[in-house]
Colleague: 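The structure's right below; bear with me while I get my questions together.
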Amino acid sequence: MRVPPTLSAVLSNLFKKPATNPFPASDPVPTPEGFRGKLIYYPDKCVGCRLCVMVCPAGVIEYVPEVRKVTFWLGRCVFCQQCVDVCPVKALEMSDEFLLATDDKYNDNLRWFKEDEIEALKKKLEEQKKAKEAAKKGAESQKK
Ligand code: SF4
Ligand code: SF4
């Protein structure tokens, strides 16, 4: 009888430890340097230049003119990193987070700059504008 050429490999592998990673019983395989995971947005740094909106191939990013910031629907992101590379003020970064499964496409974890945050910023900007106008009026009336 002809012995299959792979038999010795099969037999030696029988006595070796499994080479699998039994996730989630163990940690996932570590991500390499430069891994493109979930996008992170730093609204405080953002200057509202809209370059990220222009380069995004997946229509993830939307400009909010009232507050001169952007919002992201990360459920559509293809992790290409073009927005990160184009941002002139480093307001965007790719993290190493990749466990993003959800049963709700509008999950808060997949959003940046959510509606309530936009509303809060709008309010803050309006208050700042009013305070500025009041200060201006006060200065003008003092001159008179
Ligand atoms: S990583 Fe790519 S797909 Fe995702 S938001 Fe940035 S430009 Fe769009
Ligand atoms: S490219 Fe950067 S600074 Fe410009 S809108 Fe996008 S996040 Fe903001």
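Just follow the structure's listing: the first ligand is 1, and inside any ligand the first atom is 1.
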Colleague: Do C46 and F113 come close enough that some side-chain heavy atom pair is under 4.5 Å?
Modeller: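 Side chain of C46 against side chain of F113, heavy atoms only: no contact under 4.5 Å found.
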
Colleague: Is atom 2 (Fe) of ligand 1 less than 2.8 Å from at least one N/O/S atom of C77?
Modeller: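 Coordinating: no.
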
Colleague: Give me the nearest non-hydrogen protein atom to atom 6 (Fe) of ligand 1 as residue plus atom name, then the distance to 0.1 Å.
Modeller: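 Of the protein heavy atoms, C83 SG, 2.3 Å lies nearest.
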
Colleague: Which of these, R50, K90, K45, has its nearest heavy atom closest to atom 5 (S) of ligand 2?
Modeller: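 Ranked by closest heavy atom to atom 5 (S) of ligand 2, first place is R50.
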
Colleague: Consider ligand 2: state whether an atom of it lies below 4.0 angstrom from any non-hydrogen atom of V89.
Modeller: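 It does; at least one heavy atom falls under 4.0 Å.
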
Colleague: Measure the shortest side-chain to side-chain distance between F79 and F98 over non-hydrogen atoms and say whether it is less than 4.5 angstrom.
Modeller: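 Side-chain contact under 4.5 Å: no.
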
Colleague: To which protein heavy atom is atom 2 (Fe) of ligand 2 closest, and what is the distance rounded to 0.1 Å?
Modeller: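 Going atom by atom, the protein heavy atom closest to atom 2 (Fe) of ligand 2 ends up being C87 SG, 2.3 Å.
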
Colleague: I'd like to know if the side chain of K38 and the backbone of N109 have a donor-acceptor N/O pair within less than 3.5 Å.
Modeller: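 Yes, the answer is positive, given that a donor and an acceptor are paired below the 3.5 Å cut-off.
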
Colleague: Any N/O/S atom from C52 (main chain or side chain) under 2.8 Å of atom 6 (Fe) of ligand 1?
Modeller: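 No.
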
Colleague: Is the number of heavy atoms from other residues, nucleotides or ligands under 6.0 Å of F23 CZ greater than 12?
Modeller: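 Correct, the count exceeds 12.
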
Colleague: Within a distance under 4.0 Å of any heavy atom of V78, pick out the atoms of ligand 1 and give their elements.
Modeller: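 That gives atoms 3 (S), 4 (Fe) of ligand 1.
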
Colleague: Tell me, do E62 and F72 make a side-chain contact under 4.5 Å, heavy atoms counted?
Modeller: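 Heavy-atom side-chain distance check fails, nothing below 4.5 Å.
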
Colleague: Is any side-chain heavy atom of I40 less than 4.5 Å from a side-chain heavy atom of W112?
Modeller: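 Yes, close enough: below the 4.5 Å cut-off.
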
Colleague: Under 6.0 Å from the NZ atom of K124, do we count more than 12 heavy atoms belonging to anything else shown?
Modeller: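 No, NZ of K124 has 12 or fewer neighbouring heavy atoms, counting only those of other groups under 6.0 Å.
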
Colleague: Side chain to side chain contact (heavy atoms under 4.5 Å, CB included) with C52: which of C83, C87, P88?
Modeller: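 Single pass found, and it is C83.
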
Colleague: Looking only at protein heavy atoms, which one is nearest to atom 8 (Fe) of ligand 2, and how far off is it?
Modeller: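 Here the nearest protein heavy atom works out to C46 SG, 2.3 Å.
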
Colleague: For ligand 1, which atoms, with element, lie under 4.0 Å from some heavy atom of Q81?
Modeller: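 The list of qualifying atoms is 1 (S), 2 (Fe).
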
Colleague: To the nearest 0.1 Å, how far is atom 4 (Fe) of ligand 2 from its closest protein heavy atom, and which atom is that?
Modeller: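 It is C49 SG, 2.3 Å.
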
Colleague: Which one holds for V47 and ligand 2: side chain close, backbone close, both close, or neither close, with close meaning a heavy atom under 4.0 Å?
Modeller: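 V47 to ligand 2: contacts from backbone and side chain alike.
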
